[in-house]
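Below is one structure, written out as structure tokens; the observations come after it.
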Number of protein chains: 2
Amino acid sequence: MRQETRDRPRIADVAREAGVSKTAVSFAFNSPERLSPDTATRIRDVASSLGYRPHPVARMLTQGRTQTLGLLTPQALSVVFANPFFATFSQGVAVVAEEAGYALLFVSPVQGSLARAVNRATVDGFVALGLAEDHPEVEQIRRAGLPIVMVDSGAAFPEHPAVDVDDEGGARLAAEHLLSLGHRDFLVIGVEPPAPGDQAESGGVVGRRLEGYREALAAAGIDLPDDHVVVGPASVEGGSACLASAWENGRRPTAILAMSDAMAIGAIHAARRLGLRVPADISIVGFDDIELSRHVEPPLTTVHQPVRRKGEEACRLLLSAIARDSSFRPDHRRLETRLIVRGSSGPAPIGKEVAGGR
Amino acid sequence: MRQETRDRPRIADVAREAGVSKTAVSFAFNSPERLSPDTATRIRDVASSLGYRPHPVARMLTQGRTQTLGLLTPQALSVVFANPFFATFSQGVAVVAEEAGYALLFVSPVQGSLARAVNRATVDGFVALGLAEDHPEVEQIRRAGLPIVMVDSGAAFPEHPAVDVDDEGGARLAAEHLLSLGHRDFLVIGVEPPAPGDQAESGGVVGRRLEGYREALAAAGIDLPDDHVVVGPASVEGGSACLASAWENGRRPTAILAMSDAMAIGAIHAARRLGLRVPADISIVGFDDIELSRHVEPPLTTVHQPVRRKGEEACRLLLSAIARDSSFRPDHRRLETRLIVRGSSGPAPIGKEVAGGR
DNA sequence: ACGTTCTACTAAACCGGTTTGCTAAACCGG
DNA sequence: CCGGTTTAGCAAACCGGTTTAGTAGAACGT
């Protein structure tokens with residue numbers, strides 16, 4: 001209140017100084033054609049000599065729109081920005097938003113409350129990333145009359161536009177790839193929720209990928225017992241720890257299905273420390289296809305998902321929901337995944353398993 | 001205006017429904033102690049049954065603060081989010097902002113105009129990244145009475161709080177390291193401004209690093225002719241291209257000083273394609289120490305800068321500038337850099353240069 | 001010369017809240 | 001039972017703009 005208003009000139013100051021009404025000043029900025037050319041310029045001159053600029057908040061209030069899009073994440077920004085996946089997604093959203101003249105506000109829990117953050121947020125609509133199931137915030141946003149696009153939320157919220165990725169299919173591709181290389185003994189490395197009880201967020205994605213793995217293995221007559229699935233934090237270190245602890249518990253897989261590239265890379269490191277060659281002794285397949293994966297040694301075989309396009313599509317959906325003021329048919333979009341074979345996967349070692357698949 | 005207001009209940013609706021004044025409703029939310037306990041709860045009940053939430057913009061207007069911090073970048077968000085450096089920096093800013101209950105707004109040029117974006121931005125202050133020299137926006141912000149913290153702007157803007165990093169010193173360390181390994185023939189790979197004419201932004205950083213390289217080399221009696229400095233886009237591909245083209249032009253350095261890790265990694269790839277072993281035939285040192293550098297083969301020797309802490313410090317400075325409403329002594333902070341020796345640097349190949357340095 | 005249209009501008013209402021200043025009733029001590 | 005304090009709540013002003021509904025005067029047509 002203070003810093004802001006202390007010296008900042010108001011529209012009334014400009015009006016007085018220029019000897020016109022507030023209305024005239026407003027016109028000079030917003031619809032100059034309603035003023036005589038020289039009055040308009042004179043007003044603008046006075047304004048700029050006073051250092052006046054229309055107060056953006058006041059403007060928002062009267063115009064009823066903020067020209068800002070909210071990017072909603074159930075996790076704290078500290079964890080969100082640690083995730084390269086997120087940066088790429090944001091990039092997609094940002095490109096489209098920017099082009100349409102919208103600014104981007106990151107909305108994450110304020111003092112633990114996502115609801116409070118949503119209430120504070122001055123935006124024209126939300127893109128919600130990884131908000132699963134019946135998060136009450138979604139209903140809250142709907143009641144506020146703001147459009148919201150769900151990303152990676154599975155089939156939840158049919159009444160809102162949504163963008164998803166074929167996680168299940170991607171997982172199936174990864175598993176089938178390893179099966180076709182003759183692998184029969186698998187370890188799945190999964191992403192554990194950042195905070196306990198928070199399973200909602202990534203829960204959907206993790207569940208869908210696991211489902212995909214299971215399906216493909218089942219089709220080959222392979223069962224995946226629970227102790228062949230380990231979880232840890234979605235980081236390089238987390239991936240290392242997962243493989244290391246599984247190894248200690250006596251697991252001796254020839255192939256690893258990791259639900260995140262970071263974890264897969266961690267697993268490569270751990271394997272090396274265990275004296276295993278990748279892929280000669282053990283094959284590792286990741287998920288997401290982050291930039292890093294192309295550059296590690298060996299380059300990571302992984303399931304590519306169009307992360308950036310996901311952001312772009314979500315933003316486009318949101319913009320069109322904002323444009324049509326009536327709620328129109330909610331558009332659900334599902335993007336494809338595909339397998340990228342690089343160097344971290346190879347034939348199952350002979351002697352442990354015969355190279356059999358197909 | 002429409003979607004927003006159509007069905008959304010206003011404070012007056014709640015007041016009418018509850019049979020009280022607007023004031024009472026406002027009190028029920030903001031200073032319940034001024035109401036009798038049962039009136040307060042009754043009002044809140046009515047409010048929530050109507051699905052009322054105070055309009056955040058109206059609230060901003062009366063309170064004069066937005067509880068939002070702006071992160072100002074002269075580049076488009078699409079290029080900004082492509083940069084891992086930026087994600088880490090944002091993380092630092094976000095952690096501190098979040099803890100203080102502030103949201104984060106990304107402010108980048110709207111239709112090419114940073115000034116317009118700044119005007120639109122409803123924030124309590126700005127952290128400006130890489131805004132060099134006398135960008136007119138800075139003056140504009142100052143006149144609006146908003147605090148701004150400059151990051152990576154060198155000595156420009158002494159009247160504003162600022163956070164910098166010892167780029168020059170870091171560059172010197174990198175060069176000295178290679179000198180001590182006996183290298184005498186250098187190639188510097190620099191970052192070229194994303195858009196021509198935009199040199200302002202990274203210009204400062206690039207200049208300071210180059211200065212550091214030059215100083216260290218000069219101290220060893222080595223001159224760095226202009227054709228031993230090549231520039232390209234700050235990406236892996238850019239780095240590859242730089243080395244490749246320098247090689248074509250007949251340069252045969254034994255050591256490469258790259259101003260960004262991404263470019264250094266690109267240079268490693270290019271070197272390999274040229275049939276050179278790293279570091280046996282050629283040593284490569286990067287700058288920034290991004291996550292990726294630890295994981296490439298060979299692991300990259302680089303100059304570490306505390307990127308995340310940079311973000312944290314900047315945000316803290318901004319918060320304290322917002323808190324004290326009077327402009328107080330602008331705090332300038334300079335963070336240290338340090339050399340991280342990994343596998344991409346080694347003794348100069350014998351025969352080309354004797355291992356000489358000390 | 002007179003009614004009509006246009007031009008250039010204004011006063012007041014409005015957006016949706018918060019805050020100030022005030023009042024009526026309840027409470028309280030003597 | 002009475003003056004003074006406290007409590008609970010209200011009306012109106014305000015934040016800083018935009019927009020609506022007019023109005024005075026000039027230009028225009030006949």
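All chains are named by letter (A, B, ...) in the order of the sequence lines, taking the proteins before the strands, and each is independently numbered beginning at 1.
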- Under a 3.5 Å limit for both distances, which nucleotide forms a Watson-Crick or G-U wobble pair with D/dG22, could you say?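 Pairing partner: C/dC9.
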
- Query: Applying a 3.5 Å limit to both distances, which nucleotide forms a Watson-Crick or G-U wobble pair with C/dG30?
  - Reply: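 Check on C/dG30: paired to D/dC1, both distances under 3.5 Å.
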
For a quick test of reading the model: is some side-chain N or O of [X] closer than 4.0 Å to OP1 or OP2 of [N]?
{"X": "B/Arg59", "N": "C/dG16", "value": "no"}
{"X": "A/Thr62", "N": "D/dG17", "value": "no"}
{"X": "A/Ser36", "N": "C/dC9", "value": "yes"}
{"X": "A/Thr39", "N": "C/dC9", "value": "yes"}
{"X": "B/Arg10", "N": "C/dG16", "value": "yes"}
{"X": "B/Tyr52", "N": "C/dG16", "value": "no"}

[X] has an atom [atom1]; how far is it from atom [atom2] of [N], in whole Å?
{"X": "B/Leu61", "N": "C/dG17", "atom1": "CG", "atom2": "P", "answer": "12 Å"}
{"X": "B/Ile11", "N": "C/dC15", "atom1": "CD1", "atom2": "P", "answer": "14 Å"}
{"X": "A/His55", "N": "D/dC15", "atom1": "NE2", "atom2": "P", "answer": "11 Å"}
{"X": "A/Arg65", "N": "D/dG17", "atom1": "CZ", "atom2": "C1'", "answer": "14 Å"}
{"X": "B/Asp38", "N": "D/dT7", "atom1": "CG", "atom2": "P", "answer": "15 Å"}
{"X": "B/Arg42", "N": "D/dA8", "atom1": "CZ", "atom2": "C1'", "answer": "12 Å"}
{"X": "A/Asn30", "N": "D/dT20", "atom1": "CG", "atom2": "P", "answer": "13 Å"}
{"X": "B/Met60", "N": "D/dC15", "atom1": "CE", "atom2": "C1'", "answer": "14 Å"}

- Query: Side chains of A/Ser108 and A/Gln75: do they bring a donor and an acceptor to under 3.5 Å?
  - Reply: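 Per modelled atom types, A/Ser108 and A/Gln75 side chains form no pair under 3.5 Å.
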
- Indicate whether the side chain of A/Ser36 and that of A/Thr39 have a donor and an acceptor atom separated by less than 3.5 Å.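 Judged by distance alone, the side chains do pair up.
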
- NA contact type, B/Val20, heavy-atom cut-off 4.0 Å: base, sugar-phosphate, or nothing?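 Answer is sugar-phosphate: B/Val20 comes under 4.0 Å of backbone atoms only.
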
- Query: Which part of the nucleic acid does A/Val25 contact within heavy-atom distance under 4.0 Å: base, sugar-phosphate only, or nothing?
  - Reply: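 No contact at all - A/Val25 keeps every heavy atom at 4.0 Å or more from the nucleic acid.
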
- Message: On DNA chain D, does the nearest nucleotide to B/Ala58 precede the nearest nucleotide to B/Ala40 from the 5' side, or the other way round? Give the residue.
- Response: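 On the 5' side of the pair lies B/Ala40.
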
Report the nucleotide, chosen from [options], that has the shortest atom-to-atom distance to any side-chain atom of [X].
{"X": "A/Ser21", "options": "C/dT19, D/dG16, C/dA11", "value": "C/dA11"}
{"X": "A/Arg34", "options": "D/dT20, D/dC10, D/dT18", "value": "D/dT20"}
{"X": "A/Phe27", "options": "C/dT18, C/dT10, D/dA11", "value": "C/dT10"}

- Query: Do NZ/NE/NH1/NH2 and the carboxylate oxygens of B/Arg309 and B/Glu312 come within less than 4.0 Å?
  - Reply: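 So B/Arg309 does not pair with B/Glu312 through a salt bridge.
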
- N-O pairing of B/Arg16 and B/Asp13 below 4.0 Å: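 B/Asp13 and B/Arg16: salt-bridged.
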
- C/dG16 base / B/Lys22 side chain donor-acceptor hit below 3.5 Å: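 Answer no: no donor N or O sits under 3.5 Å from an acceptor.
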
- When only distance counts, do a donor and an acceptor, one from the side chain of A/Thr23 and one from the base of D/dT18, lie under 3.5 Å apart?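 Result: no qualifying N/O pair found.
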
- Task: Could you please spell out the steps behind the salt bridge (Lys or Arg N to Asp or Glu O under 4.0 Å) verdict for A/Lys310 and A/Asp164?
- Result: CA-CA 8 Å; A/Lys310 204 153 73 168; A/Asp164 278 278; over 6 Å; no

- Query: Taking the inter-plane angle between the rings of A/Phe106 and A/Phe81 on a 0 to 90° scale, is it parallel (under 30°), tilted (30 to 60°) or perpendicular (over 60°)?
  - Reply: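 Taking A/Phe81 first and then A/Phe106, their aromatic rings sit tilted (interplane angle of 30° to 60°).
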
